[in-house]
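Atom set for the values below is all heavy atoms of this structure, side chains included, hydrogens, waters and symmetry mates excluded. Within every chain, numbering begins at 1; the chains are lettered A, B, ... in the order of the sequence lines, protein sequences first and strands thereafter.
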2 protein chains.
Amino acid sequence: MNRTTQTKRTTIYDLAELAGTSASAVSAVLNGNWKKRRISAKLAEKITKLAEEQGYALNMQASVLRRDRSKIIGMIVPKYDNRYFGSIVEQFEALARERGLFPIITCTMRDPALELEAARAMLSYQVDCLIATGATDPDRVMELCAAAGVRTINLDLPGARAPSVISDNYGGALELTRRVLANCEKEYGEKTPLLFVGGRGTDHNTMERVRGFRDAHAEAGVAVDDTLVQTVGYAPEKAESAMRQLAERMSPLPRGMFVNSTISLEGVMRWIRRSGHYADRVPQLGCFDWDPFVAMLGDHIEMVRQDVPKMLEAVFGIIDSGDTELTVVQIPPIVEKMG
Amino acid sequence: MNRTTQTKRTTIYDLAELAGTSASAVSAVLNGNWKKRRISAKLAEKITKLAEEQGYALNMQASVLRRDRSKIIGMIVPKYDNRYFGSIVEQFEALARERGLFPIITCTMRDPALELEAARAMLSYQVDCLIATGATDPDRVMELCAAAGVRTINLDLPGARAPSVISDNYGGALELTRRVLANCEKEYGEKTPLLFVGGRGTDHNTMERVRGFRDAHAEAGVAVDDTLVQTVGYAPEKAESAMRQLAERMSPLPRGMFVNSTISLEGVMRWIRRSGHYADRVPQLGCFDWDPFVAMLGDHIEMVRQDVPKMLEAVFGIIDSGDTELTVVQIPPIVEKMG
DNA sequence: CATGCTTGCTCAATCGATGAAGCAAGAATT
DNA sequence: AATTCTTGCTTCATCGATTGAGCAAGCATG
């Protein structure tokens, strides 16, 4: 049968027959430990050449089944619609590959049920390790994995039962709020409280950012009413409708805002443009997360950029060291200069 | 040993022993064809309950090894740093999961070598089908896959040897150019040629877009000099330096531009802001690709949004039908209204 | 010349799931 | 009573790679 139209793939048994040797020798040569198995260089070369000629490709399913470690590393991630998660995934793939690990990623659309289903699927594929990024219920994921003897690391959002790598949300929010407050004062000559929009009131990051937001206000001697904290979810639509409702109940609207993610900012900006509420004077904005085009939107926006390279180095640092301590590593985000 | 601290995973043999039955029966029950195998409902229920209790998870490596089809579907994708590829990946995952397929995705960073390496890795994992998205050398990928009897579908960029689903690049570019030309005329009262920036001069999409760009100019009776077509690559830095160099050689600069992707636009916008060249009057822009924040950048930007949902429906349509015809399906992109 | 060591391999069990083939017990048919 | 059919399982080979154990030939040592 012609090699290019074959339907059966070449296996080590095929190569063994062609080389007039055993499958065992072929396996040893192709997975690199032929020296340890005392295969002669001559035979090794012959087999290698044959494998190349025949377009042999290892069957990972068979290989993983036999080995104790799969060298597959999984990640679940909420969405691919923003630069933050996009760069997390890019970095993750690069660092995994560097270590000879095969990365598989699943996007959960922020759906807790999908999160667990995805984790289960990854366990079925025998991942050695699972990174839960921005998981709504990291501890539940961790539990599933623990039952299968698979380690977990939380990224972006911390969990109580596995090592976590997150941004210094409090610190970033504190600094961001300070800057926006300062911009407001410069622009309007008075100290007024900002509005906090976006994020889930129940997630750790949002709570920490709200804490930073409040503390920066306290520092400046500005009181923050509870209605000014609108943790209505991340989706643009939710931020948009929160703004709409707020505008009905409050006048004048706050001079500035702390928007919790670019994705919420999308909704806020849409509302600002459509409603015309800030037509006379643009609000001073702060956004927790970075996007190149947001940075170009004007000189009234400050941004915090989470330090994705450092975060992923920390994650792989934990993986490499085999650490299982329940540490929470906090990586300082970068507060971008305006303009 | 306690179930929660175990290191060995539960297998069908463990369940068989606990249920006092055979592994074969357990397998039949758990993969759903116990009716066909004439297992009694009573035993089925018992096994199902046991599996649940023991937190049994199928070992996919073993299962795939035995079956003829893996139900794994692969995709290679250039980058995750823009909305277009982000939504492609999100849609891909969703549609794959809908069909009971397990999606694995690899990002190639636009590196041709990584592209092939990634394809090889996916073949090792026995993918049933591989989607090559925006591949620099789709035919080489296709060749690799064909040798393993795996079907390929090209997405975004067409290949000569596998079915392809792409945008109607010519039509989109034609309409986009028309609009930007019209905006320029409205704004400046005269018909002048636009600048085309970004993309690779060798890739099909860019060539088609340039063709649309030229034809729209011809329609309007405007001549396009070759120096006005700067297909210098997609990266922001490349677009930026192309602008810098152009500004040294050309004065006045074009009134408007056709920017070939948001990622190139990032560089163009950066240059515009830094150089101050368009400080007096902003250029009229057209961008082939959509981004929510770009849409907010001002009323001088027109955008073409590729119809990702339709494109992926087309891809899965081909997969579902088992088609192998060398068709190129062209999906019309959506030309967004300004503002 | 017997013994032990080294070199260069092969054999066969194994990983976990799958499914064709087969078998035993009871029910239905002739 | 003998036969066929049906039900409800079990047995066992198989997928492809891995690896501990073992074996034969060649060489060195006492």
Side-chain angles (χ1 to χ4, degrees), chain A residues 6-47 51 54-72 102 123-126 128 148-149, chain B residues 6-47 51 54-72 102 123-126 128 148-149:
Chain A
Q6 82 199 4
T7 172
K8 286 288 249 191
R9 285 136 110 123
T10 310
T11 71
I12 52 169
Y13 297 94
D14 302 332
L15 294 179
E17 194 162 354
L18 286 167
T21 182
S22 72
S24 160
V26 174
S27 170
V29 168
L30 296 178
N31 68 27
N33 57 8
W34 53 278
K35 292 218 161 161
K36 207 188 327 178
R37 301 213 24 133
R38 295 190 311 223
I39 306 290
S40 65
K42 201 177 125 209
L43 181 58
E45 203 180 336
K46 182 176 179 186
I47 288 172
Q54 301 295 318
Y56 170 80
L58 177 65
N59 183 328
M60 276 295 176
Q61 252 69 43
S63 178
V64 167
L65 176 60
R66 194 57 185 43
R67 285 180 335 218
D68 49 341
R69 289 189 47 222
S70 69
K71 299 193 176 179
I72 302 176
F102 188 76
L123 291 177
S124 272
Y125 283 96
Q126 312 298 110
D128 284 336
Chain B
Q6 83 198 7
T7 174
K8 286 287 248 193
R9 285 136 109 121
T10 310
T11 70
I12 52 169
Y13 296 94
D14 302 332
L15 294 180
E17 192 162 356
L18 286 167
T21 180
S22 72
S24 164
V26 174
S27 170
V29 169
L30 295 179
N31 68 27
N33 57 9
W34 52 280
K35 291 218 159 158
K36 209 185 328 175
R37 307 269 316 262
R38 296 191 308 224
I39 306 291
S40 65
K42 201 176 123 208
L43 181 58
E45 203 180 334
K46 181 175 178 187
I47 289 173
Q54 300 294 318
Y56 170 79
L58 177 65
N59 182 329
M60 275 295 176
Q61 310 306 344
S63 178
V64 167
L65 176 59
R66 195 62 199 7
R67 286 179 336 214
D68 49 341
R69 289 189 47 222
S70 69
K71 299 195 177 179
I72 302 177
F102 187 76
L123 291 177
S124 272
Y125 282 96
Q126 313 297 111
D128 284 336

### Query
Between A:Y13 and C:dC11, is there a side-chain N or O to OP1/OP2 distance below 4.0 Å?
no
### Query
Rounded to whole angstroms, how far apart are NZ on A:K36 and C1' on C:dC9?
17 Å
### Query
Would you say D:dT18 has OP1 or OP2 under 4.0 Å from some side-chain N or O of A:N31?
yes
### Message
At 4.0 Å (heavy atoms only), tell me whether A:T11 reaches a base, stays on the sugar-phosphate, or touches nothing.
### Response
sugar-phosphate
### Task
With heavy atoms under 4.0 Å as the rule, sort B:S40 into base, sugar-phosphate or nothing.
sugar-phosphate
### Task
State, yes or no, whether a side-chain contact exists between B:V26 and B:Y13 at a heavy-atom distance under 4.5 Å.
no
### Task
For A:Q126 and B:Q61, test the side chains for any donor-to-acceptor distance below 3.5 angstrom and give the result as yes or no.
no
#### Entry: Whole-Å gap separating P (C:dC5) and CZ (A:R38)
13 Å
### Check: C:dG19 base within 3.5 Å donor-acceptor of B:R37 side chain
yes
### Message
At less than 4.0 Å, is any side-chain N or O atom of A:N59 found next to OP1 or OP2 of D:dC15? Yes or no.
### Response
no
### Task
Mind calculating the distance between CD (B:Q126) and P (D:dG16) to the nearest angstrom?
9 Å
### Query
Between B:S22 and D:dT11, does any side-chain N or O lie under 4.0 Å from OP1 or OP2?
no
### Task
Determine the contact category for A:L58: base if any of its heavy atoms lies under 4.0 Å from a base atom, sugar-phosphate if only primed atoms, P, OP1 or OP2 are that close, otherwise nothing.
sugar-phosphate
### Query
Could you state the CD-P distance from A:E45 to C:dC9, rounded to the nearest angstrom?
13 Å
### Message
What is the separation between atom CG on A:L65 and atom P on D:dA17, rounded to the nearest whole Å?
### Response
12 Å
### Query
For A:D14 and D:dG16, what is the distance between atoms CG and P respectively, to the nearest whole Å?
8 Å
#### Entry: Shortest non-hydrogen contact between B:L30 and B:A51, atoms and distance
CD2-CB, 3.9 Å
### Message
At less than 4.0 Å, is any side-chain N or O atom of B:Y56 found next to OP1 or OP2 of C:dA17? Yes or no.
### Response
yes
### Message
Does a side-chain N or O of B:S63 approach OP1 or OP2 of C:dA17 to a distance below 4.0 Å, or not?
### Response
no
### Task
Please confirm whether any donor atom in the side chain of B:R66 sits under 3.5 Å from an acceptor in the base of D:dT14, or the reverse.
yes
### Task
For A:D68, answer base if it contacts any base atom (sugar-phosphate contacts may also be present), sugar-phosphate if it contacts only those atoms, and nothing otherwise; contact means non-hydrogen atoms under 4.0 Å.
nothing
### Task
Determine the contact category for B:L43: base if any of its heavy atoms lies under 4.0 Å from a base atom, sugar-phosphate if only primed atoms, P, OP1 or OP2 are that close, otherwise nothing.
sugar-phosphate
### Message
With no hydrogens and no angle check, just 3.5 Å: does a side-chain donor-acceptor pair link B:R37 and B:S24?
### Response
yes
#### Entry: Minimum-distance pair of heavy atoms, taken over all atoms of A:D128 and A:S70
OD1-N, 3.0 Å
### Message
Ignoring hydrogens and geometry beyond distance, is the side chain of A:S24 in donor-acceptor contact with the base of C:dC11 at under 3.5 Å?
### Response
yes
### Message
Output the rounded distance in Å from CD1 (B:I47) to P (D:dT10).
### Response
8 Å
### Query
Rounding to a whole Å, what distance do you find between A:N33:CG and C:dG8:P?
16 Å
### Message
Would you say that A:T11 contacts A:N59 through its side chain, given a criterion of any heavy-atom pair below 4.5 Å between the two side chains?
### Response
no
